[in-house]
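See structure below.
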Amino acid sequence: MTDAEFEEFYTHSVKPLVGQVYLMTGDLHEAQDVVQEAFVRAWTRRARLDAGAGPDAWVRTTAWRLAVSRWRRGRRATEAWRRHSRVHTTEAPAPDPGTVALIDALRELSDRQRRVAVLHYVCDLSVDQVAHETGISAGTVKTHLSRARAALAPRLLEEEEYGV
C-alpha cells in the first residue's frame with residue numbers, strides 16, 4: 001500500500017472503526033486511543049498491507065487487542081492499589097443519561113458476545129469472517145450471536161416501548 005493509498009484508507013476508515021471499537025469496548029475515549037495506536041502500527045507496516053485484502057480488519061483486530069491489553073493492565077494496577085492501599089474506592093459515577101440505549105444494552109453482554117455481535121451486526125461481517133477475526137469456530141460465533149440477540153431483545157424493546 002502506498003502512502004497515498006494509506007492516507008485515503010485512513011480518511012475513509014477511522015470514524016467507522018472508532019465507532020465499531022466503541023461499541024465493543026463501551027468507552028469512546030479508549031476506542032479513539034486504541035484505533036489511533038492501531039493506525040500508527042499499520043502505518044509502519046503499510047508496505048505489507050494489501051488494500052484489497054481488507055486492512056480495516058487488521059486495524060480493528062489490533063485495536064481490540066490493544067484495548068484488551070490496556071484493560072488487563074488497568075485491572076492489575078487497580079488490584080495492586082487495593083492490596084497496598086488503605087484508601088477505599090468509590091463507585092464510578094452513574095452513566096450519562098444521554099447514553100444511547102444500544103450502548104447500555106451491549107454493556108450487559110459478555111465481552112465475547114458483545115464483540116461478536118458488533119462485528120456481525122455493525123461491521124456487517126459474515127459468521128465465517130467473524131470466526132476468522134476472533135479466532136473462534138463458526139458454530140461458537142452462531143451460539144454467541146443467538147445468546148446476544150436473546151439478551152438484547154427484551155432490553156431494547158423495553159427502551160423503545162418507554163421512549164428512552
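Side chains of V116 and I136 form a contact here, defined as non-hydrogen atoms less than 4.5 Å apart. Between V68 and R115, every side-chain heavy-atom pair lies at or beyond the 4.5 Å cut-off. Side chains of V130 and V127 form no contact here, defined as non-hydrogen atoms less than 4.5 Å apart.
To the nearest 0.5 Å, the span separating CG on D56 from CD on Q20 amounts to 7.5 Å. Between the CD atom in Q113 and the NE2 atom in H144 there is a gap of 6.5 Å [rounded to 0.5 Å]. For the atom pair CG (D111) and CG (L106), the distance works out to 11.5 Å, reported to the nearest 0.5 Å.
Scanning both residues, L125 and H120, for their nearest heavy atoms gives O-ND1, 2.9 Å. Heavy atoms only, all atoms of each residue included: T25 and A67 are closest at CG2-CB, 3.9 Å. The heavy-atom pair separating W58 from A38 by the smallest distance is CZ3-O, 3.7 Å. A131 approaches A138 most closely through the heavy-atom pair CB-N, 3.8 Å. Closest non-hydrogen pair, A151 versus P154, comes out as O-CD, 3.7 Å.
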Chi angles and distances behind the side-chain hydrogen bond (donor to acceptor under 3.5 Å, both in side chains) call for R149, Y121: CA-CA 10 Å; R149 280 192 306 269; Y121 295 113; 2.5 Å; yes

Verdict with supporting geometry, E133 and W64, side-chain contact (heavy atoms from CB on, under 4.5 Å): CA-CA 10 Å; E133 191 164 320; W64 172 254; over 6 Å; no

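A donor-acceptor pair under 3.5 Å links the side-chain atoms of H12 to the main chain of E8, judged by distance alone. The backbone N or O of W43 lies less than 3.5 Å from a partner atom in the side chain of R46, making a donor-acceptor pair. A distance-only check finds a donor-acceptor pair linking the side chain of S69 to the backbone of R65 [under 3.5 Å]. Without hydrogens or angle criteria, S146 side chain to T143 main chain gives no donor-acceptor distance under 3.5 Å.
Annotation for R147: atom CZ does not count as buried by contact number, only 12 or fewer foreign heavy atoms lying within 6.0 Å.
Applying the side chain to side chain contact (heavy atoms under 4.5 Å, CB included) test between L23 and each of L119, V118, V18 identifies V118 as the sole match. With Q32 as the partner, the side chain to side chain contact (heavy atoms under 4.5 Å, CB included) test is satisfied by one option alone out of V35, V34, L28: L28.
Under the salt bridge (Lys or Arg N to Asp or Glu O under 4.0 Å) criterion, E7 pairs with no residue at all, not counting sequence neighbours.
Taking the six-membered ring where the residue is Trp, F9 and F39 present tilted rings, their angle falling between 30° and 60°.
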